[in-house]
Every structure is written in structure tokens, then in C-alpha cells.
Amino acid sequence: LGTSVNDLPAASGISTYPNPFTEGITVRTDDGLPMRVILYDPQGKLIHDKVLTGETHIVLSGHAQGAYTAFFWKEAERIHRFTLTKQ
């Protein structure tokens, strides 16, 4: 199941921007329901694991450049896996 970046909001109700990013990302849910966001850095180290509601900015300025992997969960179901690039 592949979902492009452009299809992400329509498919899941999640917006993540900017991508690529330099200082951090903003994550927003269209329905405002709690969502768990898990981020891994380019080395695969867990750097963020929190439940968010609505719109939240995640500061990533102290982390390395490269490809980050984000997982979004609602309730007990993973709804999307997403790659973000830090420049």
C-alpha cells in the first residue's frame, strides 16, 4: 500500500509540513482526535513518541540531516508511515 505525500491528508486526515524541513515539522489532524506520533532519526534511533491533539510543532533543530521515519497511530491502529527529510 503506497501513499504519496500529496495523498497523505486525504487518506489519513493528517498534514505534516514542511517536507523537507530544517528546524522542525508541524503535524495536524483534521478531526482533532488524539494521535500518537513516533519519529526515528536517520540512524533508526527513537527521538519522539508522544500523543498529540490538533496541531503541534515538533522541534528537530538539534538533530542530524537525513531521512526521518514517522509513524502515525490513532487508537491501536497504525494509519500511516511517512518519510521526512531534514536538510
Side-chain angles (χ1 to χ4, degrees):
L1 178 75
T3 304
S4 76
V5 174
N6 295 331
D7 295 336
L8 179 62
S12 63
I14 300 168
S15 303
T16 305
Y17 54 90
N19 189 23
F21 66 94
T22 52
E23 298 298 314
I25 58 168
T26 298
V27 178
R28 189 183 85 234
T29 59
D30 292 345
D31 59 15
L33 295 175
M35 170 183 62
R36 184 175 176 194
V37 178
I38 304 170
L39 284 174
Y40 293 92
D41 72 7
Q43 289 74 43
K45 179 181 167 200
L46 176 67
I47 58 167
H48 185 88
D49 184 353
K50 291 196 173 132
V51 175
L52 310 175
T53 305
E55 184 172 297
T56 304
H57 185 73
I58 302 169
V59 177
L60 298 167
S61 56
H63 296 281
Q65 293 182 349
Y68 286 70
T69 303
F71 291 94
F72 301 98
W73 298 73
K74 282 193 180 174
E75 297 166 355
E77 181 180 340
R78 188 180 87 187
I79 56 172
H80 199 72
R81 178 182 178 274
F82 194 64
T83 301
L84 300 162
T85 303
K86 181 171 184 187
Q87 293 185 326

Output all residues satisfying side-chain contact (heavy atoms from CB on, under 4.5 Å) with [X], sequence neighbours left out; order by chain, then residue number.
X: Pro20; result: Thr85, Gln87
X: Pro34; result: Val51, Thr53
X: Thr56; result: Leu52

| query | Roughly how far apart are Thr29 OG1 and Lys74 NZ, rounded to 0.5 Å? | reply | 5.0 Å

| query | When rounded to the nearest 0.5 angstrom, what is the spacing between CH2 in Trp73 and CZ in Arg81? | reply |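 So the gap between those two atoms works out to 12.5 Å.
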
| query | By side-chain hydrogen bond (donor to acceptor under 3.5 Å, both in side chains), which residues pair with Thr69, not counting sequence neighbours? | reply |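 Per chain and number, Thr69 pairs via side-chain hydrogen bond (donor to acceptor under 3.5 Å, both in side chains) with no residue.
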
| request: Check side-chain hydrogen bond (donor to acceptor under 3.5 Å, both in side chains) between His63 and all other residues, then give those that pass, not counting sequence neighbours. | output: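 None.
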
| request: Please step through side chain to side chain contact (heavy atoms under 4.5 Å, CB included) for the pair Val37 and Phe72, ending with a clear verdict. | output: CA-CA 5 Å; Val37 178; Phe72 301 98; 3.9 Å; yes

| field | Nearest atoms (heavy-atom pairs only) where Leu60 meets Lys86 | value | O-NZ, 2.7 Å

| query | Closest heavy-atom contact between Gly24 and Pro18? | reply |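 That would be O-CD, 3.8 Å.
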
| task | Following the transitive rule for hydrophobic clusters with a side-chain heavy-atom cut-off under 4.5 Å over Ile, Leu, Val, Met, Phe, Trp and Tyr, establish whether Phe71 and Leu46 coincide in one cluster. | result | yes

| task | Start with the C-alpha gap between Ile25 and Asn19, add the side-chain angles, then the distance that decides, and say whether side chain to side chain contact (heavy atoms under 4.5 Å, CB included) holds. | result | CA-CA 8 Å; Ile25 58 168; Asn19 189 23; over 6 Å; no

| field | Inter- and intrachain pairs under salt bridge (Lys or Arg N to Asp or Glu O under 4.0 Å), touching residues 13-28, at least two apart | value |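 Sorted result for residues 13-28: Arg28-Asp30.
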
| task | For residues 59-70, pull every pair meeting salt bridge (Lys or Arg N to Asp or Glu O under 4.0 Å), keeping only residues two or more places apart or in separate chains. | result | none

| query | Does any non-hydrogen side-chain atom of Tyr68 lie less than 4.5 Å from one of Ile47? | reply | yes

| With side chains defined as the heavy atoms from C-beta onward, is the minimum distance between Lys50 and Ile58 less than 4.5 Å? |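 The answer is no; the side chains never approach within 4.5 Å.
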
| request: Output every pair passing side chain to side chain donor-acceptor pair (under 3.5 Å) with a member in residues 32-49, not counting sequence neighbours, ordered by first then second residue. | output: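 Checked against side chain to side chain donor-acceptor pair (under 3.5 Å) - neighbours excluded - the pairs reaching residues 32-49 are Arg36-Asp49.
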
